[in-house]
Amino acid sequence: QVHLVESGGGLVQAGGSLRLSCAASGRTFGMYALGWFRQAPGKEREFVAAITWTGGNTYYLDSVKGRFTISRDNAKNTVYLQMNSLKPEDTAVYYCAKGRFLSDDAKSYDAWGQGTQVTVSS
């Protein structure tokens, strides 16, 4: 099936920026939507942002609107998450996922990357 590999995580101070990338390989057909989720220690995995592959429609978690931007490069089978004005509460492992439609429900996604750590210090 599809293989998803995230990169770009790291340690940044509050107010800083990071750009995450998710590269897809293998059986990439049927990749109708790509989403980003995050999970902090002791917390539930939560939806962050998603984008449809063809129309480029986007959907964001309220707390990241105006700070995060999701985009994609169809030719490279890659989705990006540009994160600006980072806050300590953004600290989490960030996961890329492939789904069948634009959704904030993790159950709607059927392929996941390994995750990349984002740590925001105060």
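V93 and V118 sit in two unconnected hydrophobic clusters of ILVMFWY residues. Membership requires side-chain heavy atoms under 4.5 Å apart, directly or through other members.
By the 4.5 Å side-chain criterion applied to Ile, Leu, Val, Met, Phe, Trp and Tyr, L11 is assigned to no cluster and stands alone.
Residues S108 and F101 share a closest heavy-atom pair of OG-CZ, 3.5 Å. Listed here is the closest heavy atom pair of Y95 and E6: CA-OE2, 3.3 Å. Residues V5 and Q114 approach most closely at CA-OE1, 3.7 Å, considering heavy atoms. Nearest heavy-atom pair, L4 versus A24, reported as atom, atom and distance to 0.1 Å: CD2-CB, 3.6 Å.
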* Asked: Between V2 and D110, is a side-chain contact (heavy atoms from CB on, under 4.5 Å) present by the stated rule, with each step listed?
  -> CA-CA 9 Å; V2 176; D110 53 23; over 6 Å; no
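Residue pairs that meet the disulfide (SG to SG under 2.5 Å) test with at least one member in residues 43-88, sequence neighbours left out, do not exist here. Within the structure, the side-chain hydrogen bond (donor to acceptor under 3.5 Å, both in side chains) test picks out the following pairs touching residues 13-24 (sequence neighbours left out): S17-N84. Residue pairs that meet the disulfide (SG to SG under 2.5 Å) test with at least one member in residues 79-122, sequence neighbours left out, are C22-C96. Pairs passing the salt bridge (Lys or Arg N to Asp or Glu O under 4.0 Å) check and including a residue from residues 68-79, sequence neighbours excluded, do not occur. Each side-chain hydrogen bond (donor to acceptor under 3.5 Å, both in side chains) pair with one or both residues in residues 48-60, not counting sequence neighbours, appears once here: Y59-D104. Listed by first then second residue, pairs satisfying disulfide (SG to SG under 2.5 Å) with a partner in residues 52-85 number zero, not counting sequence neighbours.
Among residues two or more places apart in sequence or in another chain, the side-chain contact (heavy atoms from CB on, under 4.5 Å) test is passed with E89 by K87. In this view, D62 and K65 satisfy the salt bridge (Lys or Arg N to Asp or Glu O under 4.0 Å) rule, not counting sequence neighbours. Applying the side-chain contact (heavy atoms from CB on, under 4.5 Å) test to A14 and every residue at least two apart in sequence or in another chain returns P88, V120. With sequence neighbours excluded, the residues that form a side-chain contact (heavy atoms from CB on, under 4.5 Å) with A50 are F47, L102, Y109.
Side chain of Q117 to backbone of G10: no donor-acceptor contact under 3.5 angstrom is found. With hydrogens and angles disregarded, a donor-acceptor distance shorter than 3.5 Å links the side chain of R67 to the backbone of S85.
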Scan the side chains in residues 35-45 for donor-acceptor partners under 3.5 Å anywhere in the protein, sequence neighbours excluded, and list what turns up.
residue, atom, partner, partner atom, Å
R38, NE, E46, OE2, 2.7
R38, NH1, D90, OD1, 3.0
R38, NH1, Y94, OH, 2.9
R38, NH2, E46, OE2, 3.1
Q39, NE2, K43, O, 3.1

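Using a 4.5 Å heavy-atom cutoff, the side chains of L81 and T69 are not in contact.
With respect to I70, the side-chain contact (heavy atoms from CB on, under 4.5 Å) criterion is satisfied by exactly one of V48, L34, I51: I51.
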